[in-house]
Amino acid sequence: MTKRAKPLIVGNWKMNPATLSRAEKIVVDIQKGLHGRVGASEIVIAPPLPYVSDLKELAGAQKISFAAQDVSFAESGAYTGEVGISMLRSIGIKMVIVGHSERREGSETDEMVKAKLDRVIGNKLTAILCVGEKERDRFGDYFTTIESQLTAALADVSAQDLKHLVVAYEPVWAIGTGENATPEQAEEMRLFIHKVLSDMYGRAGSEMVKIVYGGSVHDDNAADLLKIGHVDGFLIGGASLDAKEFASIIKISDQYAKFA
Ligand code: 13P
């Protein structure tokens with residue numbers, strides 16, 4: 001992605017907040033915090049699914065759209081507790097996070113991640129594919145981890161389908177720890193992910209894919225991650241539940257997009 005591409009800012013609320021009324025308040029406060037902005041960034045929130053329909057009613061002025069945090073690998077049928085892709089599409093979901101490390105940790109294998117990614121892309125929704133190493137060793141083995149997560153998930157995905165793909169680099173050691181990847185580390189991994197995609201699809205294919213960063217993104221590190229890390233946006237956990245901070249990160253990203 002070129003620097004001028006519209007940054008993508010995604011808030012992953014995970015299993016928060018505990019009630020619909022608190023969720024509504026966050027969205028209302030985000031709208032207030034963004035009042036008057038000349039929006040250059042694309043804003044997406046991935047709330048718990050039971051809240052989506054109500055939150056959509058509140059999300060007009062700033063054009064916030066909604067993502068799901070997961071999807072079933074199956075289309076429909078006897079899968080108690082699962083939610084299928086056509087259900088998500090029918091309530092207006094445009095993007096789906098796939099392979100978040102918290103799900104991989106809870107036994108989601110590369111094969112399952114791939115099946116889910118195929119389901120999302122096959123239905124022409126956008127998949128936000130999460131990749132990330134658990135820790136960094138001095139031998140650089142984490143590059144192999146990222147490469148194998150990417151190649152496993154993208155096997156058989158065609159170049160035309162890359163328009164439905166976003167890759168989120170989320171090093172596990174940075175998630176919820178307050179220790180973000182440095183802008184230089186984010187930049188290095190962004191280049192590496194582009195190289196893996198280029199090897200698979202050629203440069204033109206690789207450049208179609210936005211690469212966002214996630215892991216302890218806050219309003220005090222967002223600007224450097226964009227300017228020095230050159231990432232195409234963020235996948236934000238904790239800070240996306242704080243309406244003021246989330247709005248402030250969006251404004252930082254708007255400014256960056258304007259002057260990049
Ligand atoms: P934090 O921003 O809380 O570190 O979470 C990142 C994340 O997991 C987003 O998907």
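Count residues from 1 along the sequence. Start at 1 and go down the list; that is how both ligands and their atoms are numbered.
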[X] and [Y] ion-paired at < 4.0 Å:
{"X": "Glu187", "Y": "Arg190", "result": "yes"}
{"X": "Asp29", "Y": "Lys32", "result": "yes"}
{"X": "Lys116", "Y": "Glu108", "result": "yes"}

Would you mind listing which atoms of ligand 1 come within a distance below 4.0 Å of any non-hydrogen atom of [X]?
{"X": "Ala174", "answer": "4 (O)"}
{"X": "Ser216", "answer": "1 (P), 2 (O), 4 (O)"}
{"X": "Gly176", "answer": "1 (P), 3 (O), 4 (O)"}
{"X": "Ile175", "answer": "4 (O), 5 (O), 6 (C), 8 (O)"}
{"X": "Leu235", "answer": "9 (C), 10 (O)"}
{"X": "Asn12", "answer": "9 (C), 10 (O)"}
{"X": "Gly215", "answer": "4 (O), 6 (C)"}

Just by distance, do the side chain of [X] and the backbone of [Y] share a donor-acceptor pair under 3.5 Å?
{"X": "Gln149", "Y": "Gly132", "value": "yes"}
{"X": "Lys124", "Y": "Ile121", "value": "no"}
{"X": "Arg22", "Y": "Pro17", "value": "no"}
{"X": "Asn123", "Y": "Leu125", "value": "no"}

For [atom], closest protein heavy-atom neighbour:
{"atom": "atom 2 (O) of ligand 1", "result": "Gly237 N, 2.9 Å"}
{"atom": "atom 3 (O) of ligand 1", "result": "Gly238 N, 2.8 Å"}
{"atom": "atom 9 (C) of ligand 1", "result": "Glu170 OE2, 2.9 Å"}

Please determine, by modelled atom types, if Gln185 and Tyr142 share a side-chain donor-acceptor pair under 3.5 angstrom.
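No pair is found: no donor N or O on one side chain lies under 3.5 Å from an acceptor on the other.
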Taking a cutoff of less than 4.0 Å between a non-hydrogen atom of the residue and any ligand atom, is Lys14 in contact with ligand 1?
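For ligand 1, residue contact (heavy atoms, under 4.0 Å) with Lys14 is present.
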